[in-house]
K.L.:
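Dumping the structure here so I can ask a few things about it.
Not measured: the values here are computed from a predicted model. Convention: sequence-line order gives letters A, B, ...; per-chain numbering from 1.
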Protein chains: 2
Amino acid sequence: MPRAPQRSETMSIARLAKHLGLSEGTVSRALNNYPDIADKTIARVRKAADELGYRPSTTARRLARGVVETIGFVLPARHGHQIDPFLAEILDGLATELALSDWDLLVAAVPEGHDEVEVMDRLIRSGKVGGFVIARTRRHDPRIDYLRKSHIPFVVQGRTEDCDDYAWLDIDNEKAFIDAMGHLVGLGHRKIAYLGGDPDLNYAWQRRSGYLSAAKTHGCDVLDGYLHDGITDEMAARHAVADLLKHPDRPTAILCVTDAVAIGAIHALAHAGITVGEEISVIGFDGLPMGEAIHPGLTTMSQASYQVGRAVGRIVVEQANAPASEFSQILWEATLTIRGSANPPAPKLVTNAKGGIS
Amino acid sequence: MPRAPQRSETMSIARLAKHLGLSEGTVSRALNNYPDIADKTIARVRKAADELGYRPSTTARRLARGVVETIGFVLPARHGHQIDPFLAEILDGLATELALSDWDLLVAAVPEGHDEVEVMDRLIRSGKVGGFVIARTRRHDPRIDYLRKSHIPFVVQGRTEDCDDYAWLDIDNEKAFIDAMGHLVGLGHRKIAYLGGDPDLNYAWQRRSGYLSAAKTHGCDVLDGYLHDGITDEMAARHAVADLLKHPDRPTAILCVTDAVAIGAIHALAHAGITVGEEISVIGFDGLPMGEAIHPGLTTMSQASYQVGRAVGRIVVEQANAPASEFSQILWEATLTIRGSANPPAPKLVTNAKGGIS
DNA sequence: TTGTACGCGTTATCAC
DNA sequence: GTGATAACGCGTACAA
C-alpha cells in the first residue's frame with residue numbers, strides 16, 4: 001500500500017457511494033443536477049449526503065474540472081505609510097459577493113523585494129487563483145498589461161488611461177471634482193487651491209484634471225503655488241497648507257484629493273488660527289466616517305466602497321462564467337455630502353459676495 | 001478518451017519529464033530535495049524547470065499530500081456599522097508573513113442569514129483552508145469552541161476568558177487602561193468617566209476592567225452615570241457625552257474604549273463649546289493616524305496592528321508545522337502616545353491643582 | 001437510468 | 001540513483 005494521508009474521518013464520495021450501494025459516478029451526477037438521474041435517487045443521495053455531512057473536496061473538484069473558483073487580490077505594497085482606509089470595505093463587499101456564487105477570495109501581500117506582477121504570476125501559474133480584482137490603479141499599470149496577456153478574467157476598480165479592452169468599475173473622479181468646484185464657485189469662491197496626490201495613481205490624476213478643467217470653465221485662476229501634487233499624508237498636507245497661507249494671494253478654499261489630506265489640512269489651518277469653514281473652506285473626497293466626527297464636519301464627495309466591492313465581485317464572476325461576453329465598463333458618481341467645512345468665503349475677501357457666513 | 005480540460009499550454013510535470021527523458025517520479029524528487037537523486041540530475045531538472053517555467057499545480061499537490069497551506073480569515077459580520085479600521089493592517093501583516101512560508105490567506109465574509117461558525121465549517125470541510133486566524137474575539141466565543149474540537153491549527157488575536165488551551169496573541173488591554181488611568185490621575189484628574197464598547201467583545205471588557213480596577217486603586221469614585229457601555233460609534237459617543245455634560249458632578253476627563261469613540265466624544269465636546277484638553281481631557285485607544293490629524297491631537301494608547309498580523313501569521317504557521325508543540329500565548333503592551341487632548345484639569349475644578357494649562 | 005473506467009497533476013512506495 | 005505504479009477525490013464520456 002502506498003502512502004496517502006488517511007482521512008478515514010472525512011466523508012468522501014467513495015464512502016458515500018458505498019453507504020448508498022451506488023456507484024461513485026451516480027452519486028456525483030445526482031449531486032450535480034444531471035438530467036439523467038431518477039428523482040428518487042437524487043432525493044436519496046441528497047438526503048444521505050446531508051445526513052453524513054458530505055462536502056466535496058474543493059481540491060479534487062478543481063483537479064477534475066480544471067477550474068479555480070478563487071479570485072486573487074494583491075494588497076497594494078505599503079511603502080511606509082498605511083493602507084487605504086476603504087480597502088477593508090472593498091474586501092468586505094468583494095468577499096460577500098463572491099460567497100454568493102461560491103467563489104473564494106485569496107488575499108496576497110507583496111513581500112519585500114518582489115513586485116506585484118511577480119506575485120500575480122505565481123498565483124496564476126500555481127493554479128491558486130482563476131481571476132483577479134485590481135485596485136489602486138495607476139495611469140499606466142503593469143499589472144493590467146500583464147493580465148491582458150494572461151487570458152484570465154479580471155476586473156479593475158478604477159482604470160488605466162487606455163481602458164477599452166478590459167472590465168472596470170470606476171468612480172467618475174473628474175466629474176466629482178468638477179462638481180466640487182461647482183459647489184465652491186456657487187458659494188462664491190474664486191481663489192481655490194488644490195492638494196493633489198500621487199499623479200501616477202489614476203484617481204489622483206483624474207481628480208486633478210477635474211479641478212483644472214473646472215477652474216478654466218469658471219474662470220478661476222490657478223495661481224502659481226495653488227496646485228500641489230504628491231500630498232499623500234497629513235504631514236505633507238500640513239506643509240502644503242503652510243505654503244498656501246504664505247501665498248500673497250491667499251486662497252479662500254482648498255480642494256483636497258482625499259479626506260485624509262483634507263483632515264490634515266483642516267488640522268494645519270486650525271493650528272494657524274484660521275477658522276475652517278469661515279476664513280477658508282475645505283472639501284475632501286471619500287466620505288470617511290471620521291469626516292462626520294471632526295469639527296467642523298468635512299464637506300466631501302462620498303463613494304460607497306462596500307458597494308464598489310460587491311459590484312466588482314459580481315462582474316468578475318460574470319466574466320468568468322461568460323468569457324466571451326462584452327466587458328462591463330461602469331462609471332459611478334460620487335455624491336456631494338455637505339457639512340460645515342465649506343461655506344461662502346469671508347465677505348472682505350469676496351468680489352461678489354452673495355451671502356453671510358453660516 | 002474521456003474529457004478533461006485540455007491544458008496543453010500548461011507545463012506539467014509529465015511534459016517536463018518527457019522533455020528531459022526522465023520519469024515523473026524522478027523529476028518530482030529532484031525538485032523536492034530528495035536525498036537520493038544525483039546532483040547532476042537535480043541541476044539538470046532545476047534548469048529545465050526554470051527555463052520552461054514549470055510551476056507545480058497547487059491543486060494536484062494538495063490532493064496528493066493531503067495538506068492545505070491556506071489560512072482562513074472570516075471577516076467580522078458587519079451589522080450596519082463599518083469594519084474595524086485596523087483590520088486591513090492586520091490582514092496586510094498576516095498575508096505578508098504567510099507569504100514568507102508559502103502559505104496563502106483566504107478571506108471570507110459571512111453572508112446574510114448565516115453565521116461565522118457555519119462559514120468556518122464549510123471552509124474546513126470542503127478542504128479550502130488548513131487553519132484559521134480569529135479576530136474580534138468575544139468573552140465566550142463560539143468560533144473558538146468550534147475550533148477546539150476541529151483539530152486544525154488556529155491562532156486567536158485577542159482571547160476568550162478561558163484561554164489556556166489554544167494559541168493567542170493579545171494586547172494587555174487591562175494594563176493599558178490602568179496605565180491610561182494612571183496618566184490621568186498623575187495629571188490631577190479624579191473624576192474620570194468611561195465610554196466603553198460592547199462588553200461581549202473581550203477587548204472592550206478588559207479595558208473596562210482596567211478602568212474600574214484603576215479607579216478603585218486610585219480612589220476615583222465611579223459615580224452613577226460615569227460608566228457607559230455599548231458605545232460603538234460616534235453617534236453613541238455624542239449622546240453619552242451629552243449625558244456626561246448634564247451630570248451634576250461633571251467629569252474632568254473621559255477615557256474611551258477606542259479612538260473612534262474618542263474622536264466622536266471630542267466632536268461632541270467641541271460642539272458644546274467645551275475646550276478639549278483644557279476643560280475636559282480625552283484619551284482613546286488604537287493609535288489611528290487620524291488621531292494625529294485632529295485638533296487637539298488625541299492622546300491615546302497605541303498598538304501596532306500590522307505587527308500583530310505578522311506575529312499571528314508566524315505563530316499559526318509554526319503551529320501547523322509542529323502540531324504537538326506548546327501553544328504560544330503572547331501578551332503585548334500598548335504604548336501611551338501623548339498629544340494635546342489630555343492635560344491637567346482646569347484649576348477651578350481641581351481639588352489638588354498641580355499645574356497650569358498647557 | 002445507472003455502472004465502468006479513465007484522467008486531472010502530483011507525491012510516495014517499492015522494485016530494480 | 002532511477003523507473004514503474006498506485007493512490008489522493010472527483011467529474012464525465014461511454015457502454016450497458
Side-chain angles (χ1 to χ4, degrees), chain A residues 1-45 49 52-69 102 125-128 130, chain B residues 1-45 49 52-69 102 125-128 130:
Chain A
M1 180 175 51
R3 34 112 268 125
Q6 285 310 6
R7 293 237 288 285
S8 47
E9 339 123 25
T10 309
M11 180 55 55
S12 72
I13 203 172
R15 282 180 274 274
L16 180 57
K18 190 153 59 181
H19 174 85
L20 283 163
L22 288 171
S23 79
E24 300 179 23
T26 305
V27 172
S28 173
R29 278 168 297 182
L31 291 169
N32 289 300
N33 294 319
Y34 273 59
D36 56 354
I37 300 287
D39 289 355
K40 275 185 49 173
T41 310
I42 292 191
R44 201 161 68 93
V45 172
L52 280 78
Y54 167 70
R55 203 161 282 289
S57 149
T58 328
T59 303
R61 166 175 278 174
R62 277 185 192 166
L63 191 55
R65 292 219 280 225
V67 296
V68 189
E69 291 167 332
D102 267 309
R125 303 281 288 283
S126 60
K128 284 175 176 172
Chain B
M1 180 177 50
R3 33 113 270 123
Q6 285 308 8
R7 293 239 287 288
S8 48
E9 338 125 24
T10 310
M11 179 55 55
S12 72
I13 203 173
R15 283 180 273 274
L16 179 57
K18 189 154 61 181
H19 173 85
L20 284 163
L22 289 171
S23 78
E24 301 178 23
T26 305
V27 173
S28 173
R29 277 169 296 181
L31 292 169
N32 289 299
N33 294 320
Y34 273 60
D36 56 353
I37 299 288
D39 290 355
K40 269 185 53 173
T41 312
I42 292 192
R44 201 161 66 92
V45 172
L52 280 78
Y54 168 71
R55 202 162 281 291
S57 148
T58 329
T59 304
R61 168 174 278 176
R62 278 183 191 166
L63 190 56
R65 295 219 276 225
V67 297
V68 190
E69 291 166 332
D102 267 310
R125 303 281 288 285
S126 60
K128 284 175 176 172

K.L.:
List the residues meeting salt bridge (Lys or Arg N to Asp or Glu O under 4.0 Å) with Arg29(B), not counting sequence neighbours, and say none if there are none.
P.N.:
none

K.L.:
Starting at the 5' end of DNA chain C and moving along, which residue's nearest nucleotide shows up first, Ala60(B) or Tyr34(B)?
P.N.:
Ala60(B)

K.L.:
Can you measure Ile13(A) atom CD1 to dG3(C) atom P for me and round it to whole angstrom units?
P.N.:
12 Å

K.L.:
Return the value, rounded to whole Å, for the distance between atom CG of Leu20(A) and atom C1' of dT1(C).
P.N.:
16 Å

K.L.:
For residues Val68(B) and Lys128(B), determine if any side-chain heavy atom of one lies less than 4.5 Å from a side-chain heavy atom of the other.
P.N.:
no

K.L.:
Name every residue in residues 22-33 of chain B that has at least one heavy atom under 4.0 Å from any atom of DNA chain C, in order of residue number, or write none if there are no such residues.
P.N.:
Glu24(B), Gly25(B), Ser28(B), Arg29(B), Asn32(B)

K.L.:
Please report the interatomic distance CG(Leu20(A)) to CG(Leu52(A)), rounded to the nearest 0.5 Å.
P.N.:
8.0 Å

K.L.:
Using atom CG of Asp36(A) as one end and atom P of dG11(D) as the other, report the distance to the nearest whole Å.
P.N.:
15 Å

K.L.:
Return the set of residues passing side chain to side chain contact (heavy atoms under 4.5 Å, CB included) with Ser23(B) (not counting sequence neighbours), or none when no residue passes.
P.N.:
Thr26(B)

K.L.:
So, is Tyr54(A) near the phosphate of dC10(D), with a side-chain N or O under 4.0 Å from OP1 or OP2?
P.N.:
yes

K.L.:
Using five pairs at either end of the helix from dT1(C)-dA16(D) to dC16(C)-dG1(D), determine the angle between the two local helix axes and round it to 10 degrees.
P.N.:
50°

K.L.:
Whole angstrom is fine here: how far is it from CZ in Arg61(B) over to C1' in dT10(C)?
P.N.:
8 Å

K.L.:
Got Asn32(A) and Arg61(A) here, is their nearest side-chain heavy-atom distance under 4.5 Å?
P.N.:
yes

K.L.:
For the residue pair Leu16(B) and Met11(B), establish whether any side-chain heavy-atom pair is separated by less than 4.5 Å.
P.N.:
yes

K.L.:
Are the side chains of Tyr54(B) and Val27(B) in touch, meaning some heavy atoms are under 4.5 Å apart?
P.N.:
no

K.L.:
Which residues in residues 37-45 of chain A have at least one heavy atom lying under 4.0 Å from any atom of DNA chain D?
P.N.:
none

K.L.:
Check the distance between dT12(D)'s P and Leu63(A)'s CG and give it to me in whole angstrom.
P.N.:
13 Å

K.L.:
How long is the straight-line distance from NZ of Lys18(B) back to OG of Ser12(B), given to the nearest 0.5 Å?
P.N.:
8.5 Å

K.L.:
Within this structure, what is the CE-to-C1' distance between Met11(B) and dT10(C), rounded to whole angstrom?
P.N.:
16 Å

K.L.:
Drop me the distance from Ile13(A)'s CD1 to Ser57(A)'s OG, to the nearest 0.5 angstrom.
P.N.:
10.5 Å

K.L.:
With Glu69(B), which residues qualify under side chain to side chain contact (heavy atoms under 4.5 Å, CB included), at least two apart?
P.N.:
Trp103(B)

K.L.:
Working to the nearest 0.5 Å, report the span between CD1 of Ile42(B) and CG of Leu31(B).
P.N.:
9.0 Å

